[in-house]
Amino acid sequence: QVQLVESGGGLVQTGGSLRLSCTASGSIFSINGMGWYRQAPGKGKQRALVATITSGGSTNYADSVKGRFTISRDNAKNTVYLQMNSLKSEDTAVYYCNADSAGYSGRRLVSWGQGTQVTVSS
């Protein structure tokens, strides 16, 4: 079993910055992809991709955050970060960390964090 613990959410004004962190722990042999998704208010339970990063450092971003958000990871710490700059009101959402990992048995597991609230006020 893998646990993901997120931190760094909060309330910020339009144009401000926040940095999210997510650390994975548990029965982990390796972590392949890690990423951030978000669930905006009034959008139901759909989680939209924000950014992903592979173990080799290849990144992918949603068009809406390109140039403003930066995803990075520290493989030694099993931690992924999301630096969010120039925040807009439409970035308001619950942000979820995601990890695609393999246990010592070789079993693949996709895990989610509990979510952290980001609120951008105008």
Item to check | Qualifying disulfide (SG to SG under 2.5 Å) pairs, either residue in residues 71-122, two or more places apart | outcome: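 Residue pairs passing disulfide (SG to SG under 2.5 Å), neighbours aside: Cys22-Cys97.
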
Grab the two heavy atoms, one from [X] and one from [Y], that are nearest each other, plus how far apart they are.
X	Y	answer
Leu18	Gly8	CD2-O, 3.9 Å
Pro41	Thr92	CD-O, 3.5 Å
Val5	Gln114	CA-OE1, 4.1 Å
Ser86	Ser17	N-OG, 4.4 Å
Arg108	Asp100	NH2-OD2, 2.7 Å

Indicate, with yes or no, if [Y] and [X] share a hydrophobic cluster defined by side-chain heavy-atom contacts under 4.5 Å among Ile, Leu, Val, Met, Phe, Trp and Tyr.
X	Y	result
Leu49	Val94	yes
Val12	Val50	yes
Val118	Tyr61	yes
Tyr81	Ile31	no

Once rounded to the nearest 0.5 Å, what's the spacing between atom [atom1] of [X] and atom [atom2] of [Y]?
X	Y	atom1	atom2	value
Tyr37	Tyr95	OH	OH	14.0 Å
Ser21	Lys77	OG	NZ	10.0 Å
Thr59	Lys66	OG1	NZ	9.5 Å
Gln39	Gln117	CD	CD	10.0 Å
Arg19	Asn85	CZ	CG	11.0 Å
Thr70	Met84	OG1	CE	11.0 Å

Item to check | Trp112 six-ring face occupied by Arg47 cation (under 6.0 Å, within 45°) | outcome: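 Checked: cation-pi criterion met.
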
Item to check | Row check, Tyr96 ring normal vs Arg38 NZ/CZ: under 6.0 Å, within 45° | outcome: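 No, Arg38 and Tyr96 do not form such a contact.
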
Item to check | Single hit among Ile53, Asp74, Leu4, Thr52 for side-chain contact (heavy atoms from CB on, under 4.5 Å) with Val80 | outcome: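 That would be Ile53; it is the only one of Ile53, Asp74, Leu4, Thr52 passing the side-chain contact (heavy atoms from CB on, under 4.5 Å) with Val80.
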
Item to check | Residue pair Thr23, Thr79: steps toward the side-chain hydrogen bond (donor to acceptor under 3.5 Å, both in side chains) verdict | outcome: CA-CA 4 Å; Thr23 298; Thr79 298; 2.9 Å; yes

Next on the checklist: Within a 6.0 Å radius of atom CD on Glu90, are there more than 12 heavy atoms belonging to other residues, nucleotides or ligands?
Outcome noted: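 Yes.
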
Next on the checklist: Let's go through Ser55 and Asn32 carefully: what are the C-alpha distance in whole Å and the side-chain angles of both, what is the deciding distance for side-chain hydrogen bond (donor to acceptor under 3.5 Å, both in side chains) to 0.1 Å, and is it a yes or a no?
Outcome noted: CA-CA 5 Å; Ser55 57; Asn32 301 314; 5.0 Å; no

Next on the checklist: Would you say that Leu20 contacts Trp36 through its side chain, given a criterion of any heavy-atom pair below 4.5 Å between the two side chains?
Outcome noted: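 Heavy-atom side-chain distance check passes, below 4.5 Å.
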
Checklist entry - Is there a donor-acceptor pair closer than 3.5 Å between any side-chain N or O of Gln83 and the backbone N or O of Phe69? => result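 Answer holds: no.
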
Next on the checklist: Between Thr14 and Leu87, is the side chain to side chain contact (heavy atoms under 4.5 Å, CB included) condition met? List the steps.
Outcome noted: CA-CA 5 Å; Thr14 300; Leu87 282 161; over 6 Å; no

Checklist entry - So, are Asp91 and Lys88 salt-bridged, with charged N and O less than 4.0 Å apart? => result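 Result for this pair is no, no salt bridge flagged.
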
